[in-house]
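Read the numbers this way: they start at 1 and go in the same order the structure lists the ligands and their atoms. Just so you know, these numbers come straight off a predicted model, no measurement behind them.
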Amino acid sequence: MDKKITIAQIKEAVQQAYDLYKTNTDGKNADYIPYLANINKNLFGISICLLNGQTIEVGDSEYRFGIESVSKVHTAILVLRQYGAKELLEKIGADATGLPFNSIIAILLENDHPSTPLVNAGAITACSMVKPVGDSKQKWDAIVANITDLCGSAPQLIDELYKSESATNFNNRSIAWLLKNYNRIYDDPDMSLDLYTRQCSLGITAKQLSIAAATVANLGLNPVTKKQVFDAELSPKITSMISTVGFYEHTGDWLYTSGIPAKTGVGGGVMGVLPGQFGISAFAPPIDQAGNSVKAQLSIKYVMNKLGLNVFNGHRVTIVD
Ligand code: GLN
């Protein structure tokens with residue numbers, strides 16, 4: 001079925017979602033990373049980036065928060081750019097784990113495989129693969145340059161978050177060395193873990209994440225800068241990985257209720273990709289048991305349902321003025 005949606009309708013839906021959930025008090029800031037525990041829990045922003053480059057924003061859409069696990073999408077894209085789709089599949093995998101983001105059992109169950117670059121294990125492996133292997137400084141520069149390309153502007157390291165997370169990332173240290181044991185780390189394990197921790201500590205805004213999501217939705221062409229960031233054929237690969245594991249053990253529930261592939265981070269950010277239509281991001285610090293922002297989930301679901309959008313409903317949607 002052909003369906004037309006106006007920009008005014010999108011603006012109205014975004015504003016309604018914001019008004020509806022602004023005062024929601026469910027969830028709790030992540031407390032296993034001390035910096036995140038102390039962020040103002042009332043911050044809340046939503047941003048949509050259309051494929052003409054226009055953004056529709058409400059609330060704290062320009063507040064810089066910890067990107068955390070949303071960065072896994074960006075670095076998976078970098079690995080796809082550097083190695084191609086086939087090698088990512090061979091070296092990391094593209095499977096759902098059905099388990100929490102920091103699961104060690106998932107590595108053991110997969111028999112030595114990190115499953116997907118969108119959980120901690122696979123993301124640490126992805127950091128180990130970033131070229132040039134062996135050079136931490138240049139690898140870091142490549143990670144930041146790639147995020148900058150995707151967002152159309154640079155992220156900024158939140159130094160306090162990086163220190164806070166580095167001092168408490170014991171579980172991730174185990175993951176890095178377990179992967180080394182299975183020959184699934186392709187550079188120095190401690191350096192790979194440090195790069196992962198640092199990329200999680202980058203400050204990003206909901207507006208920036210919506211532009212990165214729109215770049216994926218737009219087959220690699222950043223709709224704001226007009227730069228072709230990655231080959232169009234890689235876009236469905238990244239969206240498929242977001243679809244299968246973006247909300248960890250709640251990914252099925254998420255897709256079923258929202259109809260949009262999206263990736264979360266414990267900093268409270270979510271980035272959703274509606275292929276051929278737009279990128280959407282919402283940010284609010286309080287998260288649920290699985291580490292997913294409560295208000296970001298509610299607001300993105302609201303917008304999707306209100307506009308009758310769903311990646312699975314087969315509608316040919318045109319967004320018009
Ligand atoms: N840096 C966090 C960690 O590794 C990211 C987790 C997340 O956002 N789900 O634990």
Side-chain angles (χ1 to χ4, degrees), residues 27-39 64-76 92 96-107 114-128 140 143 147 155 157-179 185 189-204 206 209 212 241-242 244-251 254 262-272 281-297:
K28 209 160 134 284
N29 286 25
D31 54 10
Y32 75 103
I33 299 170
Y35 174 90
L36 296 179
N38 297 322
I39 297 291
R64 272 186 196 277
F65 57 92
I67 187 171
E68 294 297 341
S69 282
V70 186
S71 66
K72 290 168 176 154
V73 174
H74 296 75
T75 299
I92 303 178
T97 62
L99 288 163
F101 60 85
N102 54 3
S103 177
I104 287 178
I105 285 192
I107 307 169
S115 299
T116 161
L118 303 190
V119 298
N120 289 19
I124 295 167
T125 298
C127 286
S128 80
W140 175 245
I143 288 170
I147 296 180
L157 189 72
I158 306 174
D159 211 44
E160 205 187 324
L161 175 56
Y162 173 49
K163 289 202 180 90
S164 177
E165 195 152 341
S166 299
T168 52
N169 64 351
F170 311 116
N171 188 81
N172 289 341
R173 288 185 216 176
S174 314
I175 289 176
W177 283 96
L178 187 58
L179 289 169
I185 284 280
D190 286 329
M191 185 235 274
S192 306
L193 174 64
D194 177 59
L195 288 168
Y196 166 75
T197 311
R198 236 189 300 167
Q199 77 173 25
C200 286
S201 308
L202 285 168
I204 203 89
L209 283 185
M241 292 192 288
I242 295 173
T244 46
V245 79
F247 277 72
Y248 311 114
E249 66 271 39
H250 292 315
T251 305
W254 167 260
K263 180 75 194 78
T264 73
V266 291
V270 172
M271 148 179 163
S281 173
F283 154 68
I287 56 175
D288 65 17
Q289 298 283 359
N292 304 323
S293 168
V294 174
K295 283 196 273 208
Q297 291 181 75

Give the ring-plane orientation class for Phe101 versus Tyr248, where under 30° counts as parallel, over 60° as perpendicular and anything between as tilted.
tilted

List, for ligand 1, each N/O atom that has a protein N/O partner under 3.5 Å away, with both atom names and the distance.
residue, atom, partner, partner atom, Å
ligand 1, 1 (N), Glu68, OE1, 2.6
ligand 1, 1 (N), Glu165, OE2, 2.2
ligand 1, 4 (O), Asn120, ND2, 3.0
ligand 1, 4 (O), Asn172, ND2, 2.9
ligand 1, 4 (O), Tyr196, OH, 2.7
ligand 1, 8 (O), Ser69, N, 3.1
ligand 1, 8 (O), Ser69, OG, 2.7
ligand 1, 8 (O), Val266, N, 2.7
ligand 1, 9 (N), Ser69, OG, 2.9
ligand 1, 9 (N), Tyr248, OH, 3.3
ligand 1, 10 (O), Tyr32, OH, 2.7

Pair Gln297-Asp288, side-chain donor/acceptor within less than 3.5 Å
yes

Evaluate the side-chain proximity of Ser293 to Thr264: yes if any heavy-atom separation is below 4.5 Å, no if none is.
no

Just one of Thr116, Ile67, Leu118 clears the side chain to side chain contact (heavy atoms under 4.5 Å, CB included) bar with Lys72, so which one?
Leu118

Under 3.5 Å, side chain of Asn172 to main-chain N/O of Asn120, donor-acceptor pair present?
no

Tell me every residue that passes side-chain contact (heavy atoms from CB on, under 4.5 Å) with Ser281, counting only those two or more places apart in sequence or in another chain.
Ala206, Leu209, Ser210

